[in-house]
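These notes are about the structure you will find just below.
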Amino acid sequence: MASAGVPAAPTQPALPSGPAVFKTIPYAFILPEILCGTWVWILVAATSVAFPLLQGWVMYVSLSSCLISLLLLISYIFGFHKNSENWKVLDSLYHGATAILYLSAAVLQANATITSESGPRSPLYYQLNSAASFFAFITTFLYVLHAFSIYYQ
């Protein structure tokens, strides 16, 4: 009788594994992050890299974050997390840090796009650079959404 008035302690939702990863909101962002990040890397690699320092950073951030996100996705699919709360902290910190790195890469890619517009390069390179800038900002937005949705879960 006495326990009827005591509310139950809130429980944390379980971390998904298997196909449930693609159905759970914060973790469903991983696959679009990988796909958009891959597009950034492909589009920058398809241009004649006129600004190696700027676009080298963009390629480094996009390729490394795609690989790490792929490893994270594989670990969620196969259930390597064993429903540990440390994985939520790791996931939130990784996606927050990657969002900051991707924002810097997106700004640098936008700068490379603006400066390639006035250069003697082909208009195709400008279009590829502008598409890479677009996907870099979309990927940044996806990483920010993932980091905040994990944090507020």
Side-chain angles (χ1 to χ4, degrees), residues 13 15-153:
L15 294 173
S17 58
V21 171
F22 302 109
K23 298 174 185 173
T24 311
I25 268 300
Y27 307 102
F29 290 129
I30 295 177
L31 192 59
E33 291 164 1
I34 293 170
L35 293 176
C36 289
T38 304
W39 271 112
V40 171
W41 181 72
I42 289 171
L43 289 168
V44 171
T47 65
S48 69
V49 179
F51 310 101
L53 189 60
L54 300 179
Q55 291 178 308
W57 176 250
V58 174
M59 290 181 73
Y60 170 74
V61 168
S62 63
L63 185 61
S64 63
S65 63
C66 280
L67 292 176
I68 295 171
S69 292
L70 183 64
L71 289 174
L72 194 61
L73 178 65
I74 289 170
S75 67
Y76 277 124
I77 288 174
F78 289 117
F80 294 144
H81 53 76
K82 295 185 172 68
N83 215 10
S84 171
E85 287 299 314
N86 294 337
W87 277 84
K88 282 187 177 181
V89 174
L90 172 80
D91 195 2
S92 180
L93 288 176
Y94 165 70
H95 282 88
T98 306
I100 293 169
L101 293 176
Y102 240 110
L103 181 62
S104 71
V107 168
L108 290 176
Q109 180 59 37
N111 184 24
T113 302
I114 290 169
T115 53
S116 72
E117 180 182 22
S118 61
R121 303 275 183 205
S122 166
L124 175 66
Y125 292 144
Y126 173 72
Q127 292 169 353
L128 290 172
N129 279 326
S130 60
S133 297
F134 173 76
F135 279 110
F137 280 108
I138 292 295
T139 309
T140 302
F141 181 66
L142 287 171
Y143 275 105
V144 167
L145 279 178
H146 189 127
F148 279 119
S149 62
I150 286 286
Y151 181 72
Y152 287 116
Q153 185 181 31

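Please read these numbers as outputs of a predicted model, since none were measured by experiment. Position 1 is the first residue of the sequence, and the numbers go up from there.
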What pairs of donor and acceptor atoms, side-chain ones from residues 134-145 against any protein atom, are under 3.5 angstrom apart with sequence neighbours left out?
| unit_1 | atom_1 | unit_2 | atom_2 | d |
| --- | --- | --- | --- | --- |
| Thr139 | OG1 | Phe135 | O | 2.6 |
| Thr140 | OG1 | Tyr102 | O | 3.3 |
| Thr140 | OG1 | Ala136 | O | 2.8 |
| Tyr143 | OH | Ser69 | OG | 2.8 |

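With contacts defined as side-chain heavy-atom distances shorter than 4.5 Å, the pair Asp91/Lys88 does not qualify. Between Ser62 and Trp39, every side-chain heavy-atom pair lies at or beyond the 4.5 Å cut-off. Inter-residue side-chain proximity for His146 and Thr98 is flagged as unmet; no heavy-atom pair is nearer than 4.5 Å. No side-chain heavy atom of Ile150 sits under 4.5 Å from any side-chain heavy atom of Trp87.
Pairing each heavy atom of Ala46 with each of Tyr125, the nearest pair is O-CE2, 3.9 Å. Minimum interatomic distance between Val44 and Ala132 (heavy atoms only, all atoms of both residues): CG2-CB, 3.7 Å.
With hydrogens and angles ignored, the 3.5 Å screen pairs a side-chain donor or acceptor of Ser104 with a backbone N or O of Leu101.
Cys66 contributes atom SG, which lies 9.0 Å from atom CD1 of Ile42 (distance to the nearest 0.5 angstrom). For the atom pair OH (Tyr76) and CG (Leu72), the distance works out to 5.0 Å, reported to the nearest 0.5 Å. Taking CG of Leu108 as the reference point, atom CG of Leu103 lies at 9.5 Å (rounded to 0.5 Å). The distance from atom CD1 of Ile34 to atom CG of Leu70, rounded to the nearest 0.5 Å, is 5.0 Å. Note that CD1 of Ile68 and CG of Leu73 are 14.0 Å apart. Values are rounded to the nearest 0.5 Å.
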**OP:** Take Leu71 and Leu67, measure what side-chain contact (heavy atoms from CB on, under 4.5 Å) needs, and give me the verdict at the end.
**Re:** CA-CA 6 Å; Leu71 289 174; Leu67 292 176; 5.7 Å; no
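Of the N and O atoms on the side chains of Ser133 and Thr113, at least one donor lies less than 3.5 Å from an acceptor on the other residue.
More than 12 heavy-atom neighbours from other residues, nucleotides or ligands sit within 6.0 angstrom of CZ on Phe80.
With Gln109 as the partner, the side-chain contact (heavy atoms from CB on, under 4.5 Å) test is satisfied by one option alone out of Val58, Leu54, Leu43: Val58.
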